[in-house]
Each structure stands twice: as C-alpha cells, then as structure tokens.
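Remarks on the structure that follows.
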Amino acid sequence: MFVVGSGGVHLVDELRSLGANFIDVEIKRFPDGEKYVRIAGSGERAIVLSSTFYPQDEKIIELLLLGDALRERGFEYLRLVVPYFAYSRQDRVTKEGEPISVRAIMRTLGLYYDELYVFDIHNPETLRYFPGKAVNLSPAKAIGNYFKEKLENGVILAPDHGALGRAKAVAEFLGLEYSHFEKRRVSPTEVKMYPVDVNVRGRDVLIVDDIISTGGTMIKAASLLKKLGAEKIYVSATHGVFSEGAIERISKAVEEIAVTNTIPTPVSKISIVPEIMKLEASHIV
Ligand code: R5P
C-alpha cells in the first residue's frame with residue numbers, strides 16, 4: 001500500500017493503472033504556513049512515496065510528518081521511496097564550516113523509516129548515512145528502452161569519467177559502444193572537454209548523466225560532438241532539475257532531450273513507475 005506525499009502525486013495515475021493500492025492521506029497547510037498531514041487508513045506496512053524536488057525542504061518535512069503519523073497509527077514497517085533525493089550533491093565539506101547535507105537528511109529520515117529506495121543518487125556511497133537498508137535503483141533499462149529505436153550504430157557517452165557506469169549500463173542494455181568525456185584544463189579559466197577512445201563521426205550519440213541542471217554540461221558536450229562530426233545528438237538524465245530556460249537552451253542544441261519522471265517536467269518522457277511497482281510487489285521483511 002502506497003502513501004503518496006506531494007512529491008509523488010505526478011506518479012499516481014500511472015501507479016493506479018498498474019494496479020497499485022493506496023492509503024488515503026490528507027495533506028494541507030495551517031494558516032501560518034506549517035504543514036498538516038493525516039493518515040486515513042491503517043495497517044502494518046506501508047510504502048511512502050515522494051520525490052524531493054523544489055520546494056524540497058517542504059517535501060522533506062512532509063516525509064517526517066508522514067513517518068510520525070504512520071508510526072502513531074501503529075504501522076510497524078515503513079519503506080520510503082524518494083526517486084529524486086534532494087541535497088544529494090552536498091555530499092562533502094568544500095569550505096570549512098559546511099554540513100554534509102545529504103547525511104543530515106538521511107539520518108533524520110532514518111528516525112522513521114526502515115528502508116530507503118532512491119533512483120540514481122548522485123553519490124551512491126552517501127546511502128551509508130541512512131541507518132537502515134538503502135538501495136540505489138537504476139533507470140538504465142528505461143532510458144535504454146526509450147532510445148533504442150533511435151540509436152542504431154549509436155554510441156553512449158557519459159559527460160565525465162565519474163558518470164561512466166551510467167553510460168555503461170545503458171550501453172550494455174542496448175548492446176552499444178560507450179565511453180566518456182575527459183576534461184582538460186588548458187588555461188586557468190578554460191577547461192576543454194573531449195570524448196575518449198571513441199570515434200563519433202557519422203554516428204548518433206546519446207549523452208547520459210544523473211542530473212541536468214543549467215544544461216551547461218550537455219550543451220558543451222553536444223557542441224563538441226557536432227564539431228567532431230556526430231550525426232544526431234540525444235541527451236538524457238535521470239533527474240531533470242532544470243533551471244530557468246535550461247530545457248529551451250538544450251533543445252536548441254540537440255536532436256532530443258528526454259529525462260525520467262523522478263521530477264515532473266515537460267521532457268520527463270521516461271517512466272520509473274514500473275520499477276516502483278516492483279517495490280510494492282516485493283516482500284517487506
Ligand atoms: C554533477 O556533478 C552532475 O553529475 C551533473 O553533471 C551536473 O549537475 C550537471 O549540471 P549542469 O546541467 O548545470 O551542467
């Protein structure tokens with residue numbers, strides 16, 4: 001049974017069409033701006049679903065309130081599914097005095113939830129901060145399925161070496177070649193990107209990343225690929241955290257952009273809902 005927070009509402013119709021069951025929940029706001037939640041059902045186990053996109057702080061508070069309400073109502077085992085996990089990029093101290101924000105959020109959610117499932121979190125190592133079982137799900141097959149008709153003799157590229165595993169997973173699913181871009185500093189202010197060990201001339205290319213934010217990374221990679229003679233350039237990512245104007249800027253630079261629906265956007269064309277449904281079917285220990 002799913003309990004859906006406001007960051008999961010966009011997934012409900014598809015979940016329902018696949019046969020998901022829901023526990024009714026009331027979510028509203030007090031006049032002073034504070035959140036109010038109320039669980040209208042009962043049971044022993046539940047799956048709480050909410051992606052923590054903007055306004056992310058509000059959605060995190062809601063998850064704490066839902067966890068507390070479910071425990072209060074007598075639920076014994078709670079599985080939490082957070083397709084896009086906010087603060088995941090703040091995974092280290094870069095200036096003295098900063099927090100490891102992702103750790104703070106994971107530890108706090110761990111007060112209420114037994115299991116955590118996320119999709120393609122920025123740094124999978126951060127899952128160790130969650131006190132219970134924590135699983136990083138991959139959208140590689142869903143992304144591969146979406147692009148498979150468009151990529152005959154194509155190549156899959158990651159924008160940097162750190163993202164290579166992501167490109168590899170999509171490429172292996174499609175039986176295609178994969179590689180990554182390398183960044184080389186050519187002056188104190190200029191960094192050059194170039195694709196490693198792969199010839200893109202005359203080939204269609206899909207660039208895959210975890211997050212697209214400003215689109216700067218993708219636009220730079222696409223313009224380079226064009227100079228190197230690539231044919232059609234497609235871009236994809238798990239999370240479309242698009243800043244103002246990013247979709248338009250990227251759309252002008254590439255053949256097509258498609259991301260998953262961990263965050264609802266006009267280009268969230270690839271669904272992770274079938275993966276979420278598997279979590280309802282799988283036994284909660
Ligand atoms: C960075 O570490 C992430 O993996 C993405 O490459 C980054 O968030 C993309 O940002 P932007 O779209 O602003 O270039």
Side-chain angles (χ1 to χ4, degrees), residues 51-54 56 82-95 98-103 105-106 118-127 129 136-140 142-143 147 155-171 178-185 189-196 205-226 233-270 272:
S51 203
T52 48
F53 50 90
Y54 182 82
Q56 50 281 78
V82 185
Y84 171 66
F85 200 96
Y87 292 94
S88 57
R89 283 178 288 180
Q90 294 183 46
D91 60 346
R92 64 201 158 96
V93 172
T94 52
K95 265 193 208 144
E98 291 175 349
I100 297 178
S101 307
V102 65
R103 178 177 65 192
I105 310 294
M106 286 208 183
V118 296
F119 281 83
D120 198 7
I121 195 163
H122 182 64
N123 174 1
E125 294 211 349
T126 55
L127 288 173
Y129 296 132
N136 190 29
L137 299 168
S138 166
I143 292 175
F147 283 102
V155 53
I156 316 292
L157 287 177
D160 55 46
H161 187 258
L164 184 62
R166 210 166 278 121
K168 182 177 178 208
V170 176
Y178 66 95
S179 187
H180 65 94
F181 284 85
E182 201 66 79
K183 286 177 185 155
R184 190 175 51 202
R185 185 161 290 284
T189 52
E190 203 189 346
V191 173
K192 277 223 157 111
M193 284 174 84
Y194 59 99
V196 172
V205 181
L206 169 64
I207 318 169
V208 194
D209 207 351
D210 59 338
I211 293 172
I212 302 176
S213 181
T214 62
T217 306
M218 289 300 193
I219 291 169
K220 199 167 183 181
S223 106
L224 182 66
L225 289 170
K226 275 183 198 153
I233 299 162
Y234 300 95
V235 299
S236 187
T238 309
H239 313 292
V241 189
F242 298 115
S243 56
E244 187 68 32
I247 296 179
E248 292 71 22
R249 284 194 298 277
I250 301 168
S251 301
K252 280 187 199 144
V254 303
E255 181 75 15
E256 184 181 352
I257 170 171
V259 298
T260 83
N261 55 358
T262 61
I263 300 173
T265 79
V267 291
S268 298
K269 309 171 192 172
I270 302 167
I272 51 147

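Both counts, for ligands and for their atoms, begin at 1 and track the order of listing. FYI, side chains are in, hydrogens and waters are out, and symmetry mates aren't considered; it's all heavy atoms of this structure. From a predicted model like this one, the values you see are computed outputs, not experimental measurements.
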Margin query: Before we go on, tell me: are the rings of Y234 and F147 under 6.0 Å apart, centre to centre?
Written below: yes
Note to self: If the criterion is any heavy atom closer than 4.0 Å to an atom of ligand 1, which residues make the list?
What the structure shows: R89, H122, D209, D210, I211, I212, S213, T214, G215, G216, T217
Next item on the list: Report yes or no: does D160 contribute a side-chain atom to a donor-acceptor pair with the main-chain N or O of A163 at less than 3.5 Å?
Entry: yes
Note to self: Taking the basic N atoms (NZ, or NE/NH1/NH2) and the acidic carboxylate oxygens, is any pair closer than 4.0 Å for E98 and R92?
What the structure shows: no
Notebook entry, point to check: Rounded to the nearest 0.5 Å, how far does OG of S268 lie from CZ of F242?
Noted result: 6.5 Å
Notebook entry, point to check: Is the backbone of D120 close enough, under 3.5 Å, to the side chain of H239 for a donor and an acceptor to pair up by distance?
Noted result: yes
Next item on the list: With rounding to the nearest 0.5 Å, note down the distance linking CG in L206 to CG in L157.
Entry: 8.5 Å
